[in-house]
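Worksheet: the structure to be examined is printed underneath.
All chains are named by letter (A, B, ...) in the order of the sequence lines, taking the proteins before the strands, and each is independently numbered beginning at 1. It should be emphasised that the depicted structure is a prediction, and the values quoted were computed from it without experimental measurement.
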There are 2 protein chains.
Amino acid sequence: MKKIKVSNNVIRRMPRYLRKLDELDAQGISRISSSELGNLLGLTPSQIRQDFSCFGEFGQQGYGYNVSALKEEIAKILGTDRGYNAVLVGVGNIGRALMDNFCFSDWGCNLISAFDVDKDIIGREINGVPIRSMDDFSGFLAENRVDLAVLAVPKEYALSVTDVLTENGIKAIWNFTNVDIAGPESPLIVENLHFSDSLLSLSYYISERNDENAARAARLERQKAAKDKK
Amino acid sequence: MKKIKVSNNVIRRMPRYLRKLDELDAQGISRISSSELGNLLGLTPSQIRQDFSCFGEFGQQGYGYNVSALKEEIAKILGTDRGYNAVLVGVGNIGRALMDNFCFSDWGCNLISAFDVDKDIIGREINGVPIRSMDDFSGFLAENRVDLAVLAVPKEYALSVTDVLTENGIKAIWNFTNVDIAGPESPLIVENLHFSDSLLSLSYYISERNDENAARAARLERQKAAKDKK
DNA sequence: TCGAATTTGTGATAATATTAACTAAATAAC
DNA sequence: GTTATTTAGTTAATATTATCACAAATTCGA
């Protein structure tokens with residue numbers, strides 16, 4: 001087991017492993033080798049073994065990995081057993097969708113409160129989670145451990161609300177706004193879900209494929225023309 | 001300008017450049033150097049120049065880059081000028097949030113229709129976008145060019161709906177379900193927005209920092225104890 | 001107009017990340 | 001019980017990515 005800092009790329013793959021293992025476990029599959037897992041995920045067995053080796057030895061030569069044990073290990077590595085408390089800031093459309101649909105507890109997080117400025121929804125509850133006024137934010141934090149804030153306010157407010165969060169001692173933010181809320185120097189831990197970045201990447205890949213197809217078609221066309229001439 | 005295949009990492013950075021340039025442009029800043037941009041984004045100037053050099057020469061020695069010209073170039077690289085048509089499949093919470101809040105046209109996409117199976121919402125319109133029945137999906141595709149589908153159905157239906165989409169000739173999917181809808185061999189272009197993966201990464205980084213802090217505290221504690229003893 | 005100061009684009013280099021090869025342990029077959 | 005097979009963990013090799021360094025082009029103040 002290596003003890004050096006684990007790279008970003010590895011961390012980004014761990015949740016995928018976890019999801020796949022969950023799926024296999026649900027299917028009643030109890031044992032898997034690195035090559036089988038690699039086939040399922042489109043990764044090389046080497047990479048999988050190397051990734052796991054960052055955190056320990058979870059397999060058995062000649063056997064492979066026990067699915068449910070490995071699942072537990074990875075879940076633990078990712079911190080799902082730490083019972084982090086989250087608050088949602090901004091109960092607009094996205095925030096609402098998260099409260100309704102996203103099962104925080106599946107991933108070891110407790111969504112303990114939501115906050116908004118809209119008087120019409122303050123005091124209500126969605127899925128057992130109360131919506132409080134931003135005025136009560138600081139007081140709430142004094143009485144509750146909060147490990148992360150889910151930022152889902154309209155983008156115009158992203159920066160000012162981030163200031164409020166940091167002033168109140170929030171150290172980690174799950175950012176759904178389309179704005180970069182922390183500069184390179186910031187001590188905040190920020191995880192961005194920039195929808196537009198994602199869509200633009202997709203747009204690029206579509207364009208790339210279209211261009212390839214167009215080039216291929218043009219080549220065929222030229223060949224055909226040359227043949228007809230002859 | 002290099003003509004080799006542009007790497008994934010580069011593509012993932014391009015949208016960030018675009019967003020920052022948009023911001024600078026809105027602030028009336030017309031000129032920027034790679035080092036200034038690097039400072040804003042936490043990247044090295046070299047990397048920025050190298051990234052851009054994959055696509056052409058957009059700068060000017062001794063001057064830097066013209067913000068709005070560069071913005072246009074990058075937008076074009078990402079395909080925002082191609083007028084891609086998108087359809088939304090699944091008008092639940094997330095789908096609804098996208099229709100209400102996400103401005104597809106800002107990124108060069110036209111959301112031309114949504115589809116769902118819920119009779120109560122079929123026939124309605126949100127933000128000018130009509131909601132149709134999945135029964136009409138195939139017919140709609142016959143009459144309209146559709147470049148990508150936004151998949152926002154409950155995860156139980158993710159795979160079966162993906163089958164329907166591919167059967168109907170959809171080649172690219174923006175996937176909001178928490179499920180991997182395409183294996184390694186699939187010809188589909190899939191861009192995933194796995195919320196849970198993102199949250200778990202955040203959870204890891206929080207845990208990592210907590211552990212570091214705990215280790216530091218323990219070290220100080222030991223030092224203090226040793227000193228007291230003496 | 002000139003010369004110093006900028007700043008790009010790029011080839012060379014350094015650093016990372018991935019893949020392959022190897023070793024040893026465990027299992028399965030006979 | 002012995003042997004062939006499987007397969008993890010690890011070290012080495014390869015490939016990819018990021019950074020450095022510098023020539024060439026341009027700007028800008030004097």
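Rounded to whole angstrom, the span from the CZ atom of B:Phe55 across to the P atom of C:dG9 amounts to 14 Å. Atom CG of A:Leu70 is separated from atom C1' of D:dA8 by 12 Å (rounded to the nearest Å). Going from atom OH of B:Tyr65 over to atom C1' of D:dT26 covers 14 Å, rounded to whole Å. In this structure, the CG atom of A:Asp51 is 14 Å from the C1' atom of D:dA8, given to the nearest Å.
Residues from residues 33-48 of chain A that place a heavy atom under 4.0 Å from any atom of DNA chain D, listed by number: A:Ser33, A:Ser34. Within a heavy-atom distance below 4.0 Å of DNA chain D, no residue of residues 20-30 of chain A is found.
Within 4.0 Å of B:Phe52, counting heavy atoms only, lies no atom of the nucleic acid at all.
By the salt bridge (Lys or Arg N to Asp or Glu O under 4.0 Å) test, A:Glu36 pairs with no residue at all, sequence neighbours left out. In terms of the side chain to side chain donor-acceptor pair (under 3.5 Å) criterion, A:Thr44 has no residue partners (sequence neighbours excluded). With sequence neighbours excluded, no residue forms a salt bridge (Lys or Arg N to Asp or Glu O under 4.0 Å) with B:Asp81. With sequence neighbours excluded, the residues forming a salt bridge (Lys or Arg N to Asp or Glu O under 4.0 Å) with B:Lys71 are B:Asp22, B:Asp25, listed by chain and number. For B:Phe104, the ring pair (Phe, Tyr, Trp, His ring centres under 6.0 Å) partners are B:Phe102, not counting sequence neighbours. For A:Arg222, there are no salt bridge (Lys or Arg N to Asp or Glu O under 4.0 Å) partners at least two apart in sequence or on another chain. Scored by the side chain to side chain donor-acceptor pair (under 3.5 Å) test, B:Arg19 finds A:Asp180, A:His194, A:Asp197 as partners (sequence neighbours excluded). The ring pair (Phe, Tyr, Trp, His ring centres under 6.0 Å) search around A:Phe195 returns B:Phe176, not counting sequence neighbours.
Across C:dA17, C:dT10, D:dT19, the shortest atom-to-atom separation from the side chain of B:Glu57 is found for C:dT10. Which of C:dA17, C:dT10, D:dT19 sits closest to the side chain of B:Gln50 comes down to D:dT19.
Residues B:Ala69 and B:Asn66 come closest through the heavy atom pair N-OD1, 2.8 Å.
The side chain to side chain donor-acceptor pair (under 3.5 Å) pairs that include a residue from residues 148-169 of chain B are B:Ser138-B:Asn168, where partners are two or more places apart or lie in different chains.
With hydrogens and angles ignored, the 3.5 Å screen pairs a side-chain donor or acceptor of B:Ser203 with a backbone N or O of A:Leu78.
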| In the 5'-to-3' direction, what one-character label does each nucleotide of nucleotides 22-30 of chain C receive under the scheme B = base within less than 4.0 Å of a protein heavy atom, S = sugar-phosphate only, - = no such atom? | --BBBSS--
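Taking side-chain N and O atoms only, A:Asn9 has a distance below 4.0 Å to OP1 or OP2 of C:dT18.
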